[in-house]
Amino acid sequence: MSFPLLTATAALPAIGAIATAAVPAARRTAAKWLALLVSLATLALAITVLVRFDPDGARYQLTESHAWIADFGVRYELGVDGIGVALLALTALLIPFIILAGWHDADPLETGSRRWRPTQGFFALILAVEAMVIISFEATDVFLFYIFFEAMLIPMYFLIGGFGDRAHAGSDENAAAQRSYAAVKFLLYNLVGGLIMLAAVIGLYVVAGNFSLQEIAEARANGTLDMATNTERWLFLGFFFAFAVKAPLWPLHTWLPNAMGEATAPVAVLITAVVDKVGTFAMLRFCLQLFPEASKWATPAILVLALISIVYGALLAVGQRDIKRLVAYASISHFGFIIMGIFAMTSQGQSGATLYMINHGISTAALMLVAGFLISRRGSRLIADYGGVQKVAPVLAGTFLIGSLATLSLPGLAPFVSEFLVLVGTFARYPVIGIIATFGIVLAALYTLVLYQRTMTGPVKPEVSAMPDLRLRELVVVAPLVVLLIFLGVYPKPVTDIVNPAVKSTMSDVHKKDPKPEVEAAK
């Protein structure tokens, strides 16, 4: 029996979470180091998975299958395709940086405070989220996927509500109320989506007789499983609704600005760069593969919603006064691009959407973590409280600029390639949608450059005149992300080579081919 590599990759952070939580309260530093070492070991396993994955091999590789709840046809089935393995690697890569960036975010508050911040719990919860996200990218049993799709909400709820941002205007009571509101809103939105999906999962079992993604997809492809049109559409909507909440897609997005605004910067990165990717990933893996005809039926409406997300998110980002909420609304706009690329039903669009998931995770992590370092120094999230930072902390300002330029998809940085592919793929089949979506790029330039101008340039405000530059730990967090943004902006081939075969399979699932370019024959 071969070594269960996928199980080990998910189990290691889960075991690490239990071990970290069990560290005695007086050994906070030991708990931090344990969590960091577990995350690095998980990264090593993820790299092993990536190396062993053959893009030209079978669609699902490193598979594991064991009976679990036999009476209900539930199996413990794992396997990764090119899209899943790329997102698994992204998750394992970002978690060590999240842990390092949040090194002091859960330290006890000042003496005499009425609240105690359990450091061990903070890092244990991060590892628990990592384990659940990883197994979500690996699960090929629909019921197994659903369990962890929902279970990750619990540690995220405590991370948002129990470990909020210290740079909060107002009293401790007001800050606690805002955190509680954000955490409950996050949980309720996602629970409602999950309950609707549960009904669809049960309906899928009634129709198909099992939960195996591969068996159901094969039965659909060879004609042995024929769903009625209305049944397929209702099941598709049940799955898509849950994924659209997680993604998030307009108008189901309103929980994200609250959650990111009230969470610490590392937890905000965990939300938008890691957890939310499960939603867009699941659209590709489950919606398109299980319900191809319904996916094509819903495409026009979904493209309109994605277009609204792009423009609406960008417009609200322009008007934000809070740095973290600005990044949150920018992320809503970016998720609109990802979903638009998925449902453009072209290979360029879906390759660009998958690459966008990777690049958005890296660019958002870079910008938000540097913003977190900035906010922790000044003690304020308000843009108006900054000015002239580049004169007193040039390295901090420089990395903030690179993160900002990546957010607006500047050529030469990683998000440009993915956004370009999404727009090209969308324009090839839906030219009007593609043209309107480019307006989001103009707005992105506006909100990111204005953010940099107001915080980093101009006269030095007295409150930031003594601001220290990035420290060694912070440089260790930011520098690799900046290098990746530049490397993948110049040479994205390592990622596209992995994801393109999986995109080709997805296009085959929905029986779509790329439209031929309409060019006049040469004379």
Side-chain angles (χ1 to χ4, degrees), residues 53 55-56 59-60 80-90 137 213 217 221 236 239-240 243-244 246-247 249 276-307 309-310 334-361 409 414-431 433-434 437 440 488 492-517:
F53 183 84
D56 298 321
R59 181 172 188 177
Y60 292 102
V80 287
D81 61 359
I83 299 170
V85 78
L87 290 170
L88 186 157
L90 172 70
F137 292 140
L213 171 67
F236 167 85
F239 277 76
F240 181 79
F243 303 152
K246 185 86 79 179
L249 178 68
D276 288 354
K277 298 299 186 298
V278 178
T280 47
F281 162 79
M283 291 178 188
L284 279 165
R285 172 166 282 191
F286 295 101
C287 287
L288 270 61
Q289 193 169 345
L290 294 175
F291 316 109
E293 297 305 317
S295 298
K296 290 185 284 188
W297 161 77
T299 287
I302 294 172
L303 288 176
V304 171
L305 294 177
L307 186 61
S309 289
I310 292 169
H334 295 153
F335 275 105
F337 277 108
I338 294 170
I339 296 170
M340 185 176 74
I342 291 171
F343 285 90
M345 301 294 182
T346 60
S347 57
Q348 299 99 325
Q350 291 187 358
S351 293
T354 305
L355 189 59
Y356 213 140
M357 293 184 218
I358 307 296
N359 294 336
H360 173 264
S409 299
F416 168 77
V417 182
S418 44
E419 196 165 282
F420 178 77
L421 285 173
V422 166
L423 289 171
V424 168
T426 304
F427 184 84
R429 201 179 294 277
Y430 303 98
I433 296 288
L488 292 178
K493 190 174 183 295
V495 179
T496 56
D497 283 350
I498 293 173
V499 304
N500 282 344
V503 166
K504 184 178 179 180
S505 297
T506 304
M507 290 286 291
S508 177
D509 292 333
V510 293
H511 310 293
K512 282 284 191 178
K513 295 182 179 180
D514 290 330
K516 295 181 179 180

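The aromatic rings of F239 and F243 sit perpendicular to each other, their planes meeting at more than 60°, with 30° as the lower class boundary.
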Under 3.5 Å, side-chain donor or acceptor atoms of residues 336-347 against the rest of the protein: list the pairs with distances, not counting sequence neighbours.
residue: T346; atom: OG1; partner: G349; partner atom: N; Å: 3.1
residue: T346; atom: OG1; partner: G425; partner atom: O; Å: 3.1
residue: S347; atom: OG; partner: D514; partner atom: OD1; Å: 3.3
residue: S347; atom: OG; partner: D514; partner atom: OD2; Å: 2.3

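The CG atom of L249 sits 6.0 Å away from atom CE of M283, with the distance rounded to the nearest 0.5 Å. Put simply, CG on N500 and OG1 on T354 are 8.5 Å apart, with the number rounded to the nearest 0.5 Å. Rounding to the nearest 0.5 Å gives a distance of 10.0 Å between NZ of K296 and CG of L288. Between the CZ atom of F335 and the CG atom of D276 there is a distance of 4.5 Å, given to the nearest 0.5 Å. Here the CZ atom belonging to F236 is positioned 12.0 Å from the CD atom belonging to E293, to the nearest 0.5 angstrom. Between the CD1 atom in I302 and the SG atom in C287 there is a gap of 7.5 Å [rounded to 0.5 Å].
Of all heavy-atom pairs between S418 and N359, the closest is OG-ND2, 3.3 Å. In plain terms, the two heavy atoms of H334 and Y356 that are nearest each other are CD2-OH, 3.4 Å. In terms of heavy atoms, Q289 sits closest to A217 at NE2-CB, 3.6 Å. Scanning both residues, L355 and P492, for their nearest heavy atoms gives CD2-CB, 4.3 Å. Contact between G82 and V499 at its shortest, heavy atoms only, is O-CG1, 3.9 Å. Heavy-atom minimum distance, L90 versus G361: CD2-CA, 4.4 Å.
A donor-acceptor pair under 3.5 Å is absent between the side-chain atoms of T426 and the main chain of G434, judged by distance alone. Between the side chain of S351 and the backbone N or O of Q348 there is no donor-acceptor pair closer than 3.5 Å. The main-chain N or O of K504 is never found under 3.5 Å from a side-chain atom of S508 such that the two would form a donor-acceptor pair. The closest donor-acceptor contact from the side chain of T496 to the backbone of K493 lies under 3.5 Å.
By the neighbour-count criterion of 12 heavy atoms within 6.0 Å, atom OH of Y60 is densely surrounded, having more than that number from other residues, nucleotides or ligands. Atom OH of Y430 has more than 12 neighbouring heavy atoms from other residues, nucleotides or ligands inside a 6.0 Å radius.
A heavy-atom distance below 4.5 Å is found between the side chains of L284 and M357. Side-chain contact between I83 and Q350 is absent, with no heavy-atom pair separated by less than 4.5 Å. A heavy-atom distance below 4.5 Å is not found between the side chains of F281 and L88. The shortest distance between side-chain heavy atoms of L213 and F286 falls below 4.5 Å.
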- prompt: Checking side-chain contact (heavy atoms from CB on, under 4.5 Å) for the pair V278/R285: CA distance, chi angles, key distance, verdict?
  reply: CA-CA 10 Å; V278 178; R285 172 166 282 191; over 6 Å; no

